[in-house]
Amino acid sequence: MPPLRIALFALEALPNARAVRRFVADHAAAIAFVGLSNAERPATGGLVGQVRRHLARSGPGFLPYLGVNFGLPDLLRPLAPLTQRLSGSRETPEATPLAALCHQLGIPTLRVDDVNGDEVAQAFAAHAPDLIVTFHFDQILSAATLARARLGGINLHPSLLPLHRGPVPTIHALADGKGEFGVTVHRLAPTIDAGAILAQEAVALPDGTTATRAAVRLHEHGRLLVDRVLGEIAAEGTIPAGRTVPVLPYRGFPDRALLARMRREGRLLTDGQDLRDALTLSRKG
């Protein structure tokens, strides 16, 4: 049986950066193309529109989290060649921004404004991947888009699904205060984080772990889980049926009340260590 051809979709940010770069380096020969989400999509109001929505819903206390997780890595990415040279990390995949790494490895990339749009459809037609893998991706694939890959797709989600469906699961896991951290690989479905569970593991995190650091560690753990599932798919020639569970309520971005309660309880979204990690993404880990 020929090896699987993978279409990988990701939004490169602090939570997934080093893990997804390592994944690409390990699977370079199998990756047909990489779709990099444009976080400043004009169709959703661009950066200004998104910040306004976050401020209205979550308040200014949410901005440091957004800055550390998304803003700083995006702003500093153009400086990566300089920081790599200074730190001696030029040949380190984990320290190489995803677009540059793909260029080095000869993997086609495209900037994705709409994962269900014509440009992505053309990429599927040109490269004919067997399987879609989403790895910290912030757009929902339609049924028609999922059908463009022969086998469908799988997603890595940093929670113990069906708990904490949505874009910031580690915030809600931390807010719930039960220590229910973990990672799930599941079938992609048009409903958010609702496909059958293919693999899942609880992960114990140290006391005082921020929501940001939890996301980083869970993506690193989840990369190994994705590798295991890919091995099963390659061996069986299909995505396993998986385990279907009831769909629990969607947990979106936090509102002001939730963030205020977390502050009172000393549950941090981000801290100085996370800031340092964001500033050093293009240096040796």
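Along the sequence shown, residues carry numbers from 1.
In this structure, H103 places its NE2 atom where only 12 or fewer heavy-atom neighbours from other residues, nucleotides or ligands lie under 6.0 Å away. E119 CD: 12 or fewer foreign heavy atoms inside a 6.0 Å radius.
Rounding to the nearest 0.5 Å places OG1 of T191 at 7.5 Å from CZ of R165. Taken from CG in L156 to CG in L218, the straight-line distance is 9.0 Å, to the nearest 0.5 Å. If you take CD on Q50 and CZ on F253, they are separated by 8.0 Å, rounding to the nearest 0.5 Å. For the atom pair OG1 of T184 and CG of N155, the computed distance is 9.5 Å after rounding to the nearest 0.5 Å. Between the CG atom in L146 and the CG atom in L188 there is a gap of 5.5 Å [rounded to 0.5 Å]. Summarising the geometry, atom CD belonging to Q139 is positioned 8.5 Å from atom CG belonging to N38; distances are rounded to the nearest 0.5 Å.
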| message | Quick one, T238 with I233, criterion side-chain contact (heavy atoms from CB on, under 4.5 Å). Give me CA distance, side-chain angles, the key distance, then yes/no. | response | CA-CA 5 Å; T238 187; I233 294 171; over 6 Å; no
| request: Report the C-alpha separation of R111 and L36 in whole Å, then their side-chain angles, then the decisive distance to 0.1 Å, and conclude whether the side-chain contact (heavy atoms from CB on, under 4.5 Å) test is met. | output: CA-CA 5 Å; R111 189 174 175 89; L36 297 170; 5.6 Å; no
| request: I would like to know whether I132 and I6 meet side-chain contact (heavy atoms from CB on, under 4.5 Å); could you show each step before the answer? | output: CA-CA 6 Å; I132 299 166; I6 295 169; over 6 Å; no
| said: Quick one, R217 with V203, criterion side-chain contact (heavy atoms from CB on, under 4.5 Å). Give me CA distance, side-chain angles, the key distance, then yes/no. | reply: CA-CA 9 Å; R217 294 186 181 186; V203 179; 5.9 Å; no
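For N16 (side chain) and A13 (main-chain N/O), a donor-acceptor pair under 3.5 Å exists by modelled atom type. Judged by distance alone, with hydrogens and angles left aside, the side-chain atoms of D193 form no donor-acceptor pair with the main-chain N or O of H157 at under 3.5 Å. Formation of a donor-acceptor pair under 3.5 Å by the S159 side chain with backbone atoms of L163 is found in this model. For the pair R187 (side chain) and A194 (backbone), a donor-acceptor distance under 3.5 Å is absent. For the pair T280 (side chain) and R276 (backbone), a donor-acceptor distance under 3.5 Å is present. In terms of modelled atom types and a separation under 3.5 Å, the side chain of Q200 and the main chain of L161 share a donor-acceptor contact. Put simply, the side chain of E94 never gets that close to the backbone of A17: no donor and acceptor are under 3.5 Å apart. Judged by distance alone, with hydrogens and angles left aside, the side-chain atoms of T134 form no donor-acceptor pair with the main-chain N or O of F137 at under 3.5 Å. When atom types are taken as modelled, the side chain of T210 and the backbone of L268 share no donor-acceptor pair closer than 3.5 angstrom.
Using a 4.5 Å cut-off on side-chain heavy atoms (C-beta onward), F23 and P93 make no contact. For the pair P190/S142, no side-chain contact is recorded, criterion being any heavy-atom separation below 4.5 Å from C-beta on. Two residues are said to be in side-chain contact when any heavy atoms from C-beta on lie closer than 4.5 Å; H127 and P108 meet this criterion. In this structure, M262 and I171 have side chains that are in contact, with non-hydrogen atoms separated by less than 4.5 Å. Residues C102 and L105 fail the side-chain proximity criterion, which asks for heavy atoms closer than 4.5 Å. For the pair I239 and L131, the minimum side-chain heavy-atom distance is below 4.5 Å. Contact annotation: the side chain of P162 never approaches that of V247 to less than 4.5 Å [non-hydrogen atoms, C-beta and beyond].
Using a 4.0 Å cut-off between a side-chain N of Lys or Arg and a carboxylate O of Asp or Glu, D176 and R251 qualify as a salt bridge. Between D130 and R150 there is a salt bridge, since at least one side-chain N of the basic residue sits less than 4.0 Å from a carboxylate O of the acidic one. Classification of R57 and D255 as a salt-bridged pair fails, no side-chain N sitting under 4.0 Å from a carboxylate O.
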For residues 26-33, which side-chain N or O atoms pair as donor and acceptor with protein atoms under 3.5 Å away, sequence neighbours left out?
residue, atom, partner, partner atom, Å
D26, OD1, R22, NE, 3.0
D26, OD1, R22, NH2, 3.0
D26, OD2, R223, NH1, 3.3
H27, NE2, D227, OD1, 2.7

Could you tabulate the donor-acceptor pairs under 3.5 Å formed by side-chain atoms of residues 77-85, not counting sequence neighbours?
residue, atom, partner, partner atom, Å
R77, NE, E12, OE1, 3.2
R77, NH1, D74, OD1, 2.9
R77, NH2, E12, O, 3.3
T83, OG1, L79, O, 3.4
T83, OG1, A80, O, 3.1
Q84, NE2, A95, O, 3.2
Q84, NE2, T96, OG1, 2.9

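The side-chain contact (heavy atoms from CB on, under 4.5 Å) check on L55 picks up V51, P60, L63, with sequence neighbours excluded. In this structure, H136 has no side-chain hydrogen bond (donor to acceptor under 3.5 Å, both in side chains) partners at least two apart in sequence or on a different chain. In this structure, the salt bridge (charged side-chain N to carboxylate O under 4.0 Å, His left out) partners of E201, at least two apart in sequence or on a different chain, are R228.
By the criterion of side-chain heavy atoms lying less than 4.5 angstrom apart, applied directly or through intervening Ile, Leu, Val, Met, Phe, Trp or Tyr residues, L258 is grouped together with F62 in one hydrophobic cluster. Residues L14 and L279 fall within the same hydrophobic cluster, defined by Ile, Leu, Val, Met, Phe, Trp and Tyr side chains chained together at heavy-atom separations under 4.5 Å. By the criterion of side-chain heavy atoms lying less than 4.5 angstrom apart, applied directly or through intervening Ile, Leu, Val, Met, Phe, Trp or Tyr residues, L225 is grouped together with L198 in one hydrophobic cluster. Put simply, L8 and I107 are part of the same group of oily side chains (I, L, V, M, F, W, Y) that touch within less than 4.5 Å, one to the next. The hydrophobic clustering, which links ILVMFWY residues whose side-chain heavy atoms are closer than 4.5 Å, places L66 and L281 apart.
For the residue pair L269 and D274, the shortest heavy atom distance occurs at O-OD2, 4.2 Å. What you find for P64 and G61 is that their closest heavy atoms are CD-O, 3.5 Å. Of all heavy-atom pairs spanning P254 and V168, the tightest one is CD-CG2, 4.0 Å. Shortest non-hydrogen contact noted between L98 and A10 is CD2-CB, 4.4 Å. Here the closest heavy-atom approach between residue N116 and residue I140 is recorded as ND2-O, 3.0 Å. Closest non-hydrogen pair, V226 versus V133, comes out as CG1-CG1, 4.5 Å.
No option in D277, D271, T170 other than D271 meets the side chain to side chain donor-acceptor pair (under 3.5 Å) test with R213.
Sequence neighbours left out, not one pair with a member in residues 161-207 passes ring pair (Phe, Tyr, Trp, His ring centres under 6.0 Å).
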